Amino acid sequence: MEQKEQFYYDNGIVRLFLRATIFWGVTAMTIGLMVAFLFIFPTYMENISWLSFGRLRPLHTNAAIFAFVGNGFMLGMYYSTQRLLKTRMFSDALSRINFWGWQLVIVLAAITLPMGMNSSKEYAELEWPIDILITLVWVAMGANLIGTMIKRRQRHIYVAIWFYISTFATIAVLHIFNNLELPVTLTKSYSVYAGVQDALVQWWYGHNAVAFFLTTPMLGLMYYFVPKAANRPVYSYRLSIIHFWSLIFIYIWAGPHHLLYTALPEWIQNLGTVFSVMLIFPSWGGMINGLLTLRGAWDKVRVDPVLKMFVVAITGYGMATFEGPMLAFKNVNAIAHYTDWIIAHVHIGTLAWNGFIISGMIYWLVQKLYKTELHSVKMANTHFLIGTVGILFYSIPLYIAGFMQASMWKEFTPTGTLKYSFVDTLQAMAPMYAMRAFGGTLYLTGFILLAINVYKTMKKGSFVGDELAEAAPLPVVSGKRAANEHWHSWLERKVVLFTILSTVAILIGGMVQIVPLVFDSSQVEKIATVKPYTPLELEGRDIYIREGCNNCHSQMIRPFRNEVERYGEFSKSGEFVYDHPFLWGSRRTGPDLQREGAEKRHKDNMWHFRHLLDPRSIETRSIMPSYAWLISDDLDYSDLEAKMKGLRKLGVPYTDAEISGAKTALEKQAAGIAATLEADSGFQKEFVAQGLEVKKKEITAVIAYLQRLGTDIGKSK
Amino acid sequence: MLRFIKHNFVGIDGATFYSILSLFIFMTIFIIALVIAIKTPKKTIDAVGNLPLENDNVENNNNYE
């Protein structure tokens with residue numbers, strides 16, 4: 001028998017993450033609910049710019065993903081890694097840097113996103129200084145994790161740790177590549193990619209962020225905490241190894257399914273579909289493995305809220321991963337894309353799978369950390385019950401809404417005109433949105449019960465910050481393969497290296513898929529009449545990004561009869577070559593705006609002015625926020641030259657003369673728009689007489705941008 | 001439907017090469033991993049699979065289990 005060493009597990013760091021997870025969970029869900037209510041009562045936070053939909057929605061998604069799920073992952077990771085590797089974390093300092101750094105990122109996000117500082121790229125909205133901070137914190141976490149693996153007292157590395165490591169490595173690479181942007185000021189940057197390229201990189205990121213931030217870390221937690229709570233080993237460990245490898249490979253390859261029917265080369269789209277369908281196999285392998293771990297423990301499942309939550313979580317994982325590949329079929333995607341179906345899909349993933357695995361884990365952990373039993377099992381069971389009902393109330397109405405939207409959008413009358421206006425379809429959704437908000441309320445209530453329960457449990461228990469444990473140290477073996485050693489046990493010893501190297505290899509594999517398009521701009525056919533934005537339009541576009549209009553409006557018309565009928569000529573990839581970043585959007589809460597300035601959609605400046613001031617004055621059923629501050633706030637174009645110079649570096653052909661004359665050109669164009677408005681006698685009475693100098697206001701820039709949209713290709717005719 | 005926008009893309013040089021290359025990377029590593037998973041002896045598999053269930057602390061002052 002070897003001499004055992006005594007050491008202490010760091011429970012302090014686990015407790016920090018525990019508190020943070022609960023706090024941010026409540027926050028993220030509350031913001032989600034605020035957003036959900038905007039769909040029913042669009043004016044209840046009217047005229048508070050930082051609480052308008054376009055700014056809150058990114059805050060909600062970022063809070064749910066990075067604050068709630070992110071802290072939840074780190075919570076379980078710090079607890080299980082130490083136990084699985086039989087050692088304290090590599091460095092207490094790195095653990096704290098990880099914790100406080102991550103909280104700082106979240107707080108900065110919570111301040112800057114409502115202020116409108118964002119890069120517009122979904123789930124990567126944060127501006128460049130915060131991106132750099134994220135990178136540093138993430139690397140601290142990774143170094144800590146790898147350091148712990150190196151000083152471990154356990155030869156074998158359990159599969160949960162593999163999932164953690166691949167989470168670390170992949171997210172690092174994804175984050176860096178998707179956020180390559182050229183800073184203009186401290187709070188403003190432009191994506192180095194344009195149009196189609198930018199979309200491709202964004203969804204390569206977006207898809208893999210779902211894979212490696214919302215799936216692999218949760219699977220790691222599943223593989224540790226489900227056996228722990230059920231007190232039996234995972235059903236098949238061999239299957240878990242296969243699950244791991246096939247999952248990470250196939251995921252990387254499925255990204256382009258977010259861009260079906262867009263102006264993306266067909267072979268990439270097809271490849272995305274094939275891999276997406278293949279994804280079912282590893283995902284279901286994992287789900288079955290998780291569920292079967294509970295075989296023979298079903299009597300326990302009936303009474304234990306922890307296990308119940310795990311069952312619903314894993315089932316949710318199975319549902320979402322069945323649905324995902326289905327959505328990657330082009331004909332299904334044609335229906336679901338841009339609709340609420342997608343919102344339902346992602347909430348099965350977040351509420352059921354992520355939310356319940358984290359909640360179950362919290363109930364289990366708090367008892368371990370505080371050496372006591374749960375304050376109230378009944379309360380936890382209530383949480384389980386209303387949480388589950390909440391998920392159903394959330395998702396089912398939105399699935400229905402998705403189908404309704406898709407079918408109403410494309411319904412024609414016998415005479416060949418579109419049957420419903422966009423707002424007709426919006427109005428039909430109202431009951432669904434009400435039910436969704438109800439479901440969300442239930443879910444949040446359940447989670448608040450968790451917070452109370454955990455707090456009470458903490459109160460009655462006694463926390464052990466440093467928990468004594470003992471284990472024999474690993475005998476020192478040379479890195480080389482010993483004479484009598486079998487090759488695969490040698491390889492297994494090298495598992496850290498192997499995991500990191502192969503994750504990187506996979507990433508390269510995935511990148512290779514998009515490289516031809518990203519770095520070879522000759523593939524996007526140039527359209528001679530497509531020109532860079534004028535200075536005023538550019539400022540307008542930046543306001544569009546600031547306000548997050550792209551959270552409700554797409555700018556990508558698919559080549560379907562109904563879309564062409566409704567919005568005009570379908571989108572061409574060559575139209576987006578100067579779009580840093582791209583603004584295709586992903587959800588049509590409002591109509592597509594890509595041809596807002598062109599024939600079919602064109603409206604005069606006065607219409608836009610009144611509509612932005614109060615959408616309901618034009619369309620009573622509208623749920624678009626009113627943007628009164630665009631009319632009261634002066635346009636700040638002090639960074640105009642820096643912006644244009646920056647864009648020129650990225651390939652937008654602004655001439656020296658255009659840049660030096662930019663401010664004059666901007667003022668001239670603004671004055672032109674102002675003149676058209678002021679020609680109206682009603683406008684004179686209502687605004688000019690009140691002292692409004694409209695040419696100086698932000699709204700002129702937004703109008704200029706909207707009027708420009710989609711007009712370039714018409715000029716070639 | 002893609003025929004509507006296909007004209008935007010002149011033939012992609014190396015597209016086939018790139019896709020085959022990355023598929024190749026994918027297959028190789030995957031097969032290695034698969035072989036390892038299958039060839040690892042049952043004894044090791046069981047030992048590793050049971051890791052989460054090992055005793056967590058010496059004091060055993062944990063009254064939940």
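Just so it is clear: chains get the letters A, B, ... in the order the sequence lines come, proteins before strands, and each one is counted from 1. All values reported here derive from a predicted model rather than from experimental measurement.
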Report task. Measure A:Gln82 against the heavy atoms of chain B and call it side chain, backbone, both or neither at under 4.5 Å. Result -> neither

Report task. Working to the nearest 0.5 Å, report the span between CG of B:Asn50 and OH of A:Tyr158. Result -> 9.0 Å

Query raised in the report: Where on B:Leu53 is there a heavy atom nearer than 4.5 Å to chain A: the side chain, the backbone, both, or neither?
Result: both

Query - CZ (A:Phe7) with more than 12 external heavy atoms under 6.0 Å - result: yes

Requested in this report: Kindly give the heavy-atom pair with the smallest separation between A:Ile241 and B:Ala37, and that separation in Å.
Outcome: CG2-CB, 3.7 Å

Query raised in the report: Nearest 0.5 Å, what's the CD1-OG distance between B:Ile45 and A:Ser236?
Result: 7.5 Å

Query - Option from A:Lys86, A:His156, A:Arg83 for which side-chain contact (heavy atoms from CB on, under 4.5 Å) with B:Leu51 holds - result: A:His156

Report task. Over all heavy atoms of both residues, which pair between A:Lys228 and B:Glu54 is shortest? Give the atoms and the distance, please. Result -> NZ-O, 3.7 Å

Query raised in the report: Is there a side-chain contact between B:Asp46 and A:Tyr237 (heavy atoms, below 4.5 Å)?
Result: no

Requested in this report: Might you point out which heavy atoms bring B:Gly49 and A:Pro233 nearest each other, and give the distance in Å?
Outcome: O-CB, 3.7 Å

Report task. Verify the neighbour count for atom OH of A:Tyr235: are there more than 12 heavy atoms of other residues, nucleotides or ligands below 6.0 Å? Result -> no

